[in-house]
Amino acid sequence: MIVDPTRLSGFSAGRWTLDPTRVPGGLRSPVELTVNALPVRAVAAKDEVVTFTFAELCERPLGVREYLRIAENYSAICVLAVPDLAEADRDPLLRFSNMVDVFYDRNQRIDIQAIAVPARMLQAKEPPYDAARTLSRLSTLSTTG
């Protein structure tokens, strides 16, 4: 996913891209970052933009503190390989929701590459209690694909 550096400003400058064919495999040369003393692998980190996979940000035990630290260090965050949220487990969905809250509240641009629309979160076995708020925030992103 390529971010236009002239449009780095604000959460709603981001986008939700539907692309079920572009799920990255193993990372060839991940960028090792330290976030609150935790090692976190980025797909790429350059200047004001950092790119992660959903697995790295939401399937690992990261929390609001880590998302806040990322928001402090970068102007734009890209999240690749977001699965169909209806099939995601409870904890990754909760982390995803927390991550969206942090970046929205901090007005950080977020670009998401996913295999399904965000509304699928409501069909999850255990959707986050605040799924409606998360979806409302994600609705401010432009949608492509």
Side-chain angles (χ1 to χ4, degrees), residues 1-121 124 126-128 130-131 133-145:
M1 174 175 294
I2 298 173
V3 174
D4 177 357
T6 63
R7 289 195 52 204
L8 290 178
S9 183
F11 187 88
S12 62
R15 62 186 168 195
W16 184 281
T17 302
L18 291 173
D19 192 350
T21 63
R22 290 187 55 207
V23 177
L27 303 178
R28 286 188 194 40
S29 54
V31 178
E32 292 287 337
L33 303 176
T34 301
V35 180
N36 292 337
L38 295 172
V40 181
R41 289 184 182 187
V43 174
K46 185 174 182 186
D47 301 326
E48 299 178 49
V49 180
V50 65
T51 302
F52 297 100
T53 62
F54 175 88
E56 190 66 17
L57 287 183
C58 301
E59 292 177 359
R60 295 186 57 225
L62 300 180
V64 170
R65 288 187 47 211
E66 286 73 39
Y67 303 137
L68 283 167
R69 179 69 64 204
I70 291 167
E72 289 172 1
N73 292 312
Y74 297 95
S75 297
I77 296 92
C78 301
V79 183
L80 305 178
V82 175
D84 181 346
L85 296 176
E87 297 175 10
D89 291 331
R90 182 182 64 93
D91 289 343
L93 276 178
L94 181 57
R95 288 186 195 105
F96 180 76
S97 185
N98 288 338
M99 179 188 71
V100 168
D101 282 346
V102 167
F103 297 149
Y104 183 87
D105 291 343
R106 296 288 301 248
N107 200 26
Q108 293 292 133
R109 179 186 171 129
I110 187 169
D111 290 287
I112 298 172
Q113 178 254 311
I115 66 170
V117 296
R120 294 279 298 152
M121 179 186 290
E126 295 182 66
D130 55 357
R133 183 181 73 223
T134 301
L135 293 175
S136 174
R137 290 173 172 201
L138 291 172
S139 73
T140 66
L141 303 177
S142 64
T143 304
T144 59

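For reference, positions follow the sequence shown, starting with 1. Quick note: numbers below take in every heavy atom, side chains included, and nothing from hydrogens, waters or symmetry partners.
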Visitor: Checking side-chain contact (heavy atoms from CB on, under 4.5 Å) for the pair E126/L93: CA distance, chi angles, key distance, verdict?
Guide: CA-CA 9 Å; E126 295 182 66; L93 276 178; over 6 Å; no
Visitor: N36 side chain to R65 main-chain N or O, any donor-acceptor pair under 3.5 Å?
Guide: yes
Visitor: Closer than 3.5 angstrom, by distance alone: can the side chain of Y104 be matched with the main-chain N or O of T134 as a donor-acceptor pair?
Guide: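 No.
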Visitor: Could you check if a side-chain atom of N73 sits within less than 4.5 angstrom of a side-chain atom of V50, using non-hydrogen atoms only?
Guide: no
Visitor: Any sub-3.5 Å donor-acceptor pair from E66's side-chain atoms to V35's backbone N or O?
Guide: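 No; zero donor-acceptor contacts below 3.5 Å.
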Visitor: To the nearest 0.5 Å, tell me how far L33 CG sits from F52 CZ.
Guide: 5.0 Å
Visitor: Inspect the surroundings of CZ in R106 and state if more than 12 heavy atoms from other residues, nucleotides or ligands are less than 6.0 Å away.
Guide: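 Yes, because the 6.0 Å sphere around CZ of R106 holds more than 12 heavy atoms from other groups.
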Visitor: Please answer whether the main-chain N or O of F11 pairs with a side-chain N or O of Q108 as donor and acceptor at a distance below 3.5 Å.
Guide: no
Visitor: Tell me if a side-chain donor or acceptor on D111 pairs with a main-chain N or O of R15 at a distance below 3.5 Å.
Guide: yes
Visitor: Using modelled atom types and a 3.5 Å cut-off, is there a donor and acceptor pairing between side-chain atoms of S97 and backbone atoms of L94?
Guide: no
Visitor: Measure the spacing between CZ of R133 and CG of L138 and express it to the nearest 0.5 Å.
Guide: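 Rounded to the nearest 0.5 Å, the CZ-CG separation comes out at 11.5 Å.
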Visitor: Are any non-hydrogen side-chain atoms of L68 and V64 less than 4.5 angstrom apart?
Guide: yes
Visitor: Going by atom types alone, do T140 and S12 pair a side-chain donor with an acceptor below 3.5 Å?
Guide: no
Visitor: So that I can tick it off, tell me whether D89 and R95 are bridged by a salt bridge, with the cut-off set at under 4.0 angstrom between side-chain N and carboxylate O.
Guide: no
Visitor: With under 30° as parallel and over 60° as perpendicular, where do the rings of F54 and F96 fit, or are they tilted in between?
Guide: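 The arrangement is tilted - the two ring planes meet at 30° to 60°.
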Visitor: Would you say the side chain of M99 lies within less than 4.5 Å of the side chain of I77, judging by non-hydrogen atoms?
Guide: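 Not touching, per the 4.5 Å side-chain cut-off.
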